[in-house]
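Before any comments, here is the structure.
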Amino acid sequence: MKISILTLFPEFFDGFLTNSIIKRALAKDQVEIEIVNIRDFTKDRYGRVDSAPVGGGAGLIMKCQPVLDCLNSVRQEDSYVILLSPRGKTYNQARARHFAKNIKHLIIICGHYEGTDERINKYVDELVSVGDYILTGGEIGAEIISDSIIRLLDGVIAPESIVDESFENGLLEYPQYSEPCTYEGDNIPDILYSGNHQAIDKWRKKESLRLTKKYRPDLLENYKFSKEELKLLKELETDETPKWEKDAIEKGKKFIKEK
């Protein structure tokens, strides 16, 4: 996959391209990232890429000419163009999966200042918002979108590391723990030491439902529950440890660490 980012500030991406997973994906040719400077395409004799809004108003507006000439320099038949805009639908994991699976060349236009010339919208395939807040420019949003897509590409991250992540299955991820077993009186749940992987998976599903219900109940509004999930939701109505969990802990008690 190729991602072209059109920006007024290409240096903004220096750290993004040279760290962690993104750096490794680039080194292995699992993705190609092209940073294109919109300023290189201005025809303004003073090198301007912005101007005051026609009709008056605060701030500056990005001109359509340099943006569209920049876009035309990288656009191909299979390109899909998005413009970061508060008008767009809020970006989510489902959209990240769609881009990773179906788009060969994604072009991201980073807006800046008070916005972009309205006529630019006619040349893009989709408007995308990364949230209901205002940023100085679209560069951070472009990094968010690029990162979320790249980590889903084949070979970038082990498939098993992605399956249970938050939003991948419509729920928040279950709690994760690391040693030591006890830290300042706070203990890792016994079930995770039981050795009963079926019971552990069931507990994790229940915890995913609990955390989603607590922190993101909106995710459950259109969620299709399985019969097992409905039973687990019922269990969440009480603080009692269910029989299946007690049995798993009892059978695996020799593995459970003393607190």
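Please read all numbers here as calculations on a predicted model, not as lab measurements. Computation of the quantities below employed the complete heavy-atom set of this structure, encompassing side-chain atoms and omitting hydrogens, waters and symmetry-equivalent molecules.
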Please report the shortest heavy-atom distance between [X] and [Y], naming the atom on each side.
{"X": "Ile120", "Y": "Thr116", "value": "CD1-CB, 3.8 Å"}
{"X": "Glu139", "Y": "Gly111", "value": "OE1-O, 4.4 Å"}
{"X": "Gly88", "Y": "Ser129", "value": "O-CB, 3.5 Å"}
{"X": "Arg48", "Y": "Thr42", "value": "O-OG1, 2.6 Å"}
{"X": "Ile5", "Y": "Ser146", "value": "CD1-OG, 3.8 Å"}
{"X": "Leu171", "Y": "Ser208", "value": "CD1-CB, 4.2 Å"}

Judged by atom type as modelled, is there a donor-acceptor pair below 3.5 Å linking the side chain of [X] to the main-chain atoms of [Y]?
{"X": "Gln30", "Y": "Gly155", "value": "yes"}
{"X": "Thr90", "Y": "Val130", "value": "no"}
{"X": "Gln65", "Y": "Phe41", "value": "yes"}
{"X": "Thr182", "Y": "Asn187", "value": "no"}
{"X": "Asp125", "Y": "Val81", "value": "yes"}

Q. Are Leu84 and Tyr133 connected, step by step, through hydrophobic side chains (Ile, Leu, Val, Met, Phe, Trp, Tyr) whose heavy atoms are closer than 4.5 Å?
A. yes

Q. Cluster question for you: counting only ILVMFWY and a side-chain heavy-atom cut-off of under 4.5 Å, with indirect links fine, are Val124 and Ile61 together?
A. no

With a cut-off of 6.0 Å (strictly less than), are more than 12 heavy atoms of other residues, nucleotides or ligands near [atom1] of [X]?
{"X": "Asp218", "atom1": "CG", "value": "yes"}
{"X": "Glu11", "atom1": "CD", "value": "yes"}
{"X": "Tyr183", "atom1": "OH", "value": "no"}
{"X": "Tyr215", "atom1": "OH", "value": "no"}
{"X": "Gln198", "atom1": "CD", "value": "no"}
{"X": "Asn102", "atom1": "CG", "value": "yes"}
{"X": "Asp78", "atom1": "CG", "value": "yes"}

Q: Kindly indicate whether the side chain of Ile103, heavy atoms from C-beta on, has any atom under 4.5 Å from the side chain of Ile149.
A: no

Q.
Under a 3.5 Å cutoff, is there a donor and acceptor pairing between the side chains of Tyr91 and Ser148?
A. yes

Ion pair present between [X] and [Y], side-chain N to carboxylate O less than 4.0 angstrom?
{"X": "Glu229", "Y": "Lys213", "answer": "no"}
{"X": "Lys63", "Y": "Asp69", "answer": "no"}
{"X": "Glu207", "Y": "Arg204", "answer": "no"}

Q.
Walk me through whether Val49 and Leu8 qualify under side-chain contact (heavy atoms from CB on, under 4.5 Å).
A. CA-CA 9 Å; Val49 293; Leu8 296 176; 3.6 Å; yes

Q) Yes or no on salt bridge (charged side-chain N to carboxylate O under 4.0 Å, His left out) for Glu126 and Arg95, after CA distance, side-chain angles and deciding distance? A) CA-CA 12 Å; Glu126 183 177 344; Arg95 209 70 193 124; 2.8 Å; yes

(Q) Can you tell me how the ring of Tyr80 sits relative to the ring of Phe99, calling it parallel under 30°, perpendicular over 60° and tilted otherwise? (A) tilted

Q) Quick one: does NZ or CZ of Arg39 land under 6.0 Å from the six-membered ring centre of Phe9, within 45 degrees of the ring axis? A) yes

(Q) Set out, in order, the CA-CA distance, both residues' side-chain angles and the distance that settles salt bridge (charged side-chain N to carboxylate O under 4.0 Å, His left out) for Glu228 and Lys231, then state yes or no. (A) CA-CA 5 Å; Glu228 181 188 46; Lys231 290 180 181 178; over 6 Å; no

